[in-house]
Chemist: 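Quick one: the structure is below, questions incoming.
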Amino acid sequence: MKQETKGNVLPACRVINLPKLSDPRGNLSFVEGENHVPFTIKRVFYLYDVPVGGNRGGHALKQCHQLLIACSGSFRVTLTDGCERREVHLSRPDQGLLIPPLIWREMDDFSSGAVCLVLASAKYDAADYYREYPDYLTARKAAAS
Ligand code: TYD
């Protein structure tokens, strides 16, 4: 992946600790929109049964904010703003990775049985996606200038 643009937005991608209530029956974590995440939650989706060696993501969103949680198992998220690149390994159901708009993300290294829960600030809209990295870089350059 070429690193071609100026800008430093990756710090806005951060791992947040979620509440965790533990008792003899097990653990419970929760997420409240506009409290634990800085957006109203309008959509929930989840990735599961990802084959060993499989990849997901490979896109950036124009407007949508997301929180990714490894509800079960683990996986790696590679983030770039076209300038910097960062890898985050998610493996804890009581943590989430906040990804603001205009961040290219790729996901791989899914463990067997991994479940990636995604809380999103918008309903699905195919027009909100950059699915080609060169298109994304062009948009990022425009946003950084
Ligand atoms: P895709 O964005 O390729 O998945 P990922 O980036 O997580 O690997 O989505 C796969 C298909 O699912 C694609 O046809 C769009 C559709 N889809 C919805 O209809 N609603 C949704 O909320 C999402 C995330 C995807």
Side-chain angles (χ1 to χ4, degrees), residues 1-20 26-145:
M1 187 182 293
K2 284 169 84 177
Q3 312 288 290
E4 293 178 347
T5 66
K6 291 182 182 167
N8 183 6
V9 295
L10 279 191
C13 300
R14 54 194 172 91
V15 174
I16 59 170
N17 293 316
L18 299 169
K20 179 179 177 182
N27 300 325
L28 184 154
S29 289
F30 57 93
V31 185
E32 294 175 352
E34 299 172 272
N35 182 5
H36 305 104
V37 291
F39 55 83
T40 301
I41 297 165
K42 295 223 176 126
R43 176 169 52 117
V44 175
F45 64 95
Y46 34 98
L47 305 171
Y48 55 101
D49 289 345
V50 178
V52 172
N55 304 293
R56 301 293 313 209
H59 59 244
L61 299 168
K62 299 176 185 176
Q63 306 269 345
C64 188
H65 297 247
Q66 294 186 337
L67 182 78
L68 277 55
I69 302 171
C71 278
S72 182
S74 64
F75 51 88
R76 174 172 56 199
V77 187
T78 302
L79 305 162
T80 183
D81 58 3
C83 180
E84 291 181 291
R85 181 186 170 98
R86 186 173 145 207
E87 290 185 0
V88 179
H89 197 77
L90 291 178
S91 61
R92 291 179 52 166
D94 61 346
Q95 290 188 332
L97 173 64
L98 267 176
I99 308 181
L102 283 181
I103 300 293
W104 187 269
R105 88 288 307 270
E106 294 170 1
M107 303 159 68
D108 65 0
D109 199 20
F110 285 84
S111 69
S112 171
V115 178
C116 171
L117 177 68
V118 183
L119 310 181
S121 68
K123 292 183 180 173
Y124 179 73
D125 177 5
D128 195 48
Y129 281 69
Y130 292 109
R131 290 193 182 272
E132 301 296 332
Y133 192 65
D135 295 343
Y136 164 70
L137 278 181
T138 301
R140 263 252 56 103
K141 280 182 193 166
S145 63

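One-based numbering, in listed order, for ligands and for the atoms of each.
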Chemist: Between Glu106 and Thr78, is there a side-chain donor-acceptor contact under 3.5 Å, judged purely by atom types and distance?
Modeler: no
Chemist: Taking the six-membered ring for Trp and the single ring otherwise, decide whether the centroids of Tyr129 and Tyr124 are under 6.0 Å apart.
Modeler: yes
Chemist: Would Arg131 count as a contact residue for ligand 1, given that I'm defining contact as a non-hydrogen atom of the residue lying under 4.0 Å from a ligand atom?
Modeler: yes
Chemist: Examine Lys62 relative to Tyr130 and say whether NZ or CZ is less than 6.0 Å from the centre of the six-membered ring and inside a 45° cone about the ring axis.
Modeler: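 Judged by the rule, Lys62 and Tyr130 form a cation-pi pair.
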Chemist: Tell me whether the centres of the aromatic rings in Phe75 and His89 are closer together than 6.0 Å.
Modeler: no
Chemist: Can you report which non-hydrogen protein atom sits closest to atom 10 (C) of ligand 1, along with the distance?
Modeler: Arg56 NH2, 4.0 Å
Chemist: Could you tell me the residue and atom name of the protein heavy atom closest to atom 20 (N) of ligand 1, and the distance to it rounded to 0.1 Å?
Modeler: Tyr124 CG, 3.4 Å
Chemist: With heavy atoms only and a cut-off of under 4.0 Å, state how Met107 meets ligand 1: side chain, backbone, both or neither.
Modeler: neither
Chemist: Side chains of Asn17 and Gln95 only: does a donor on one sit below 3.5 Å from an acceptor on the other?
Modeler: yes
Chemist: Can you tell me how the ring of His65 sits relative to the ring of Phe39, calling it parallel under 30°, perpendicular over 60° and tilted otherwise?
Modeler: tilted
Chemist: List every atom of ligand 1 that sits less than 4.0 Å from any heavy atom of Leu47, numbering the atoms from 1 in the order shown and giving each element.
Modeler: 7 (O)
Chemist: Is there a protein heavy atom at a distance of less than 4.0 Å from atom 12 (O) of ligand 1?
Modeler: no
Chemist: Do protein heavy atoms approach atom 8 (O) of ligand 1 to less than 4.0 Å?
Modeler: yes
Chemist: Taking C-beta and beyond as the side chain, do Trp104 and Thr80 meet within less than 4.5 Å on heavy atoms?
Modeler: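 Touching, per the 4.5 Å side-chain cut-off.
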Chemist: List ligand 1 atoms under 4.0 Å from Tyr129, heavy atoms only on the residue side.
Modeler: 2 (O), 24 (C)
Chemist: Measure the distance from atom 6 (O) of ligand 1 to every protein heavy atom, then report the residue, atom name and distance (to 0.1 Å) of the closest one.
Modeler: His59 CE1, 2.6 Å
Chemist: What protein heavy atom is closest to atom 22 (O) of ligand 1, reported as residue, atom name and distance in Å?
Modeler: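 Ranked first by proximity to atom 22 (O) of ligand 1 is Arg43 NH1, 2.5 Å.
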